[in-house]
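Residue numbering restarts at 1 for every chain, and letters A, B, ... go by the order of the sequence lines.
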There are 2 protein chains.
Amino acid sequence: MTNEKVSGLIDRYMKVSFYVNKMGELLIKDQICDVLTNEQYYTLRFIEQQRLCTSTEISDAFYINKSAVTSNINRLEGKGLIEREQDLDDRRVFHLKLSKEGEGLLQETENKIHNLVERIMTKFEYEEIVKFLDTYEKLSQIFIQMKNGEQEEI
Amino acid sequence: MTNEKVSGLIDRYMKVSFYVNKMGELLIKDQICDVLTNEQYYTLRFIEQQRLCTSTEISDAFYINKSAVTSNINRLEGKGLIEREQDLDDRRVFHLKLSKEGEGLLQETENKIHNLVERIMTKFEYEEIVKFLDTYEKLSQIFIQMKNGEQEEI
DNA sequence: AATATTAGTTCAGTCATTTAACTATATGTA
DNA sequence: TACATATAGTTAAATGACTGAACTAATATT
């Protein structure tokens with residue numbers, strides 16, 4: 001592939017991924033209630049999806065330091081959306097779970113997001129979505145491999 | 001489409017877009033020199049691509065407040081990477097341009113990113129990349145329309 | 001000339017993050 | 001068993017990126 005061709009694709013990709021991310025974040029922000037930031041919504045979502053969730057799991061999944069997790073979950077706990085529960089067998093460990101209010105808020109938010117995405121999906125053929133996701137997932141795998149590869153070089 | 005089918009696609013999309021963004025940012029971070037953050041790199045890139053760039057243009061393009069632009073460009077100016085030049089006809093306006101060092105640093109960074117992306121692209125057929133970008137751009141257009149549509153409702 | 005608009009800045013506050021140092025607990029080994 | 005090491009999580013200080021409101025200075029409008 002010529003250099004110009006590559007540069008062109010890079011420009012296209014960077015521009016489009018910027019807009020998709022930015023607009024995606026803005027659209028999500030419009031759906032979620034003012035007490036949550038997008039990050040906080042993702043965190044609630046993750047905690048709910050795990051059966052028993054710990055800070056370390058969030059740290060690993062989100063690729064952020066454990067100290068960042070502490071401050072994030074402090075904010076959520078401060079709002080009464082999650083609860084810490086000390087593990088009885090290993091007292092270093094705290095299990096995180098949504099409070100009643102947290103569950104209610106998450107469910108409400110999930111419904112709104114679901115509606116939003118459904119509206120978006122009607123604009124595409126099912127086949128096109130699946131093809132797109134296939135390539136997107138392949139890209140994701142390559143990114144992860146490259147990142148791990150780099151790590152090993154060090 | 002059934003509800004479960006939609007939910008499945010949402011989960012797939014959210015998971016994959018999270019990883020692609022996160023890993024993409026980390027890979028870029030590894031390429032750029034320590035004096036720049038990713039945001040700062042994007043800003044330099046944008047200023048370079050415009051012929052004459054103003055704070056307002058950055059604010060519009062990046063969908064951030066002008067006060068955010070001021071502090072961002074203050075940081076870049078503080079590092080000697082960009083310069084402000086007052087417009088002689090309209091003295092409210094300041095044109096932004098890269099300094100010599102800024103240009104050098106950007107060029108160096110662009111080369112590294114170019115190499116990185118080229119390595120990634122070899123893993124795909126050209127056709128697959130183009131198809132992917134087509135759908136991605138379509139998605140981007142839809143997001144922008146929805147966002148604008150919302151704005152008009154208010 | 002008076003009023004409104006525009007470009008950009010300042011300030012106070014918030015969120016998300018990093019790094020380094022720390023506490024408390026658990027595990028492994030000699 | 002006791003000492004060393006590893007692990008889970010917290011604290012504290014710092015930075016970057018952002019918002020919103022109030023502001024200055026310059027330009028446009030009426």
Does Lys5(A) make a cation-pi contact with Tyr126(B), if we ask for NZ or CZ under 6.0 Å from the ring centre and within 45° of the axis?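 Flagged: Lys5(A) positioned over aromatic ring of Tyr126(B).
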For the side chain of [X] and the backbone of [Y], is there at least one donor-acceptor N/O pair under 3.5 Å apart?
X: Gln40(B); Y: Thr37(B); value: yes
X: Ser140(A); Y: Val16(B); value: no
X: Lys66(A); Y: Ser55(A); value: no

Atom-to-atom span, [atom1] of [X] to [atom2] of [N] - whole angstrom:
X: Asp34(A); N: dC18(D); atom1: CG; atom2: C1'; result: 16 Å
X: Lys22(B); N: dA16(C); atom1: NZ; atom2: P; result: 12 Å
X: Glu39(B); N: dT15(D); atom1: CD; atom2: C1'; result: 14 Å
X: Leu76(A); N: dC15(C); atom1: CG; atom2: C1'; result: 12 Å
X: Asn72(A); N: dT14(C); atom1: CG; atom2: P; result: 16 Å

Between the opening five pairs and the closing five pairs of the helix from dA1(C)-dT30(D) to dA30(C)-dT1(D), how far apart are the helix axes, to 10°?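 Computed from the C1' atoms at both ends, the axes differ by 10°.
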Within a radius of less than 6.0 Å around NZ of Lys138(A), do more than 12 heavy atoms belonging to other residues, nucleotides or ligands occur?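 Result for NZ/Lys138(A): enclosed.
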Whether over 12 other heavy atoms sit under 6.0 Å from Lys112(A) NZ: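 Atom NZ in Lys112(A) is packed in, count exceeds 12.
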What nitrogen or oxygen pairs link the protein and nucleotides 28-30 of chain D at under 3.5 Å?
none

Sub-6.0 Å ring centroid separation between Phe132(A) and Phe132(B):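 Yes, the ring of Phe132(A) comes within the 6.0 Å limit of the ring of Phe132(B), centre to centre.
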Ion pair check, Arg12(A) and Asp134(B), cut-off under 4.0 Å: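 Salt bridge flag = yes for Asp134(B) with Arg12(A).
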Does this structure show an ion pair linking Asp11(B) with Arg45(A), if we count only N-O contacts that are shorter than 4.0 Å?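 So Asp11(B) pairs with Arg45(A) through a salt bridge.
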Taking the nucleotide of DNA chain D with the closest heavy atom to each, which residue, Lys29(A) or Val93(A), is nearer the 5' end?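 Going by which nucleotide is closer to the 5' end, it is Val93(A).
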Would one find a side-chain N or O of [X] under 4.0 angstrom from OP1 or OP2 of [N]?
X: Asn65(A); N: dT19(C); result: yes
X: Gln86(A); N: dT25(C); result: no
X: Arg75(A); N: dA16(C); result: yes

Using 30° and 60° as the class limits, which term best fits the ring planes of Phe46(B) and Phe62(B): parallel, tilted or perpendicular?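 The arrangement is perpendicular - the two ring planes meet at more than 60°.
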Pairwise N/O distances under 3.5 Å, protein to nucleotides 10-12 of chain D:
| from | atom 1 | to | atom 2 | distance (Å) |
| --- | --- | --- | --- | --- |
| dT10(D) | OP1 | Arg84(A) | NE | 3.0 |
| dT10(D) | OP1 | Arg84(A) | NH2 | 3.0 |
| dT10(D) | OP2 | Thr70(A) | OG1 | 2.8 |

Is Leu98(A) close to Leu81(A) at the side-chain level, that is, under 4.5 Å between some pair of heavy atoms?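 In short, these two side chains do not touch, never coming nearer than 4.5 Å.
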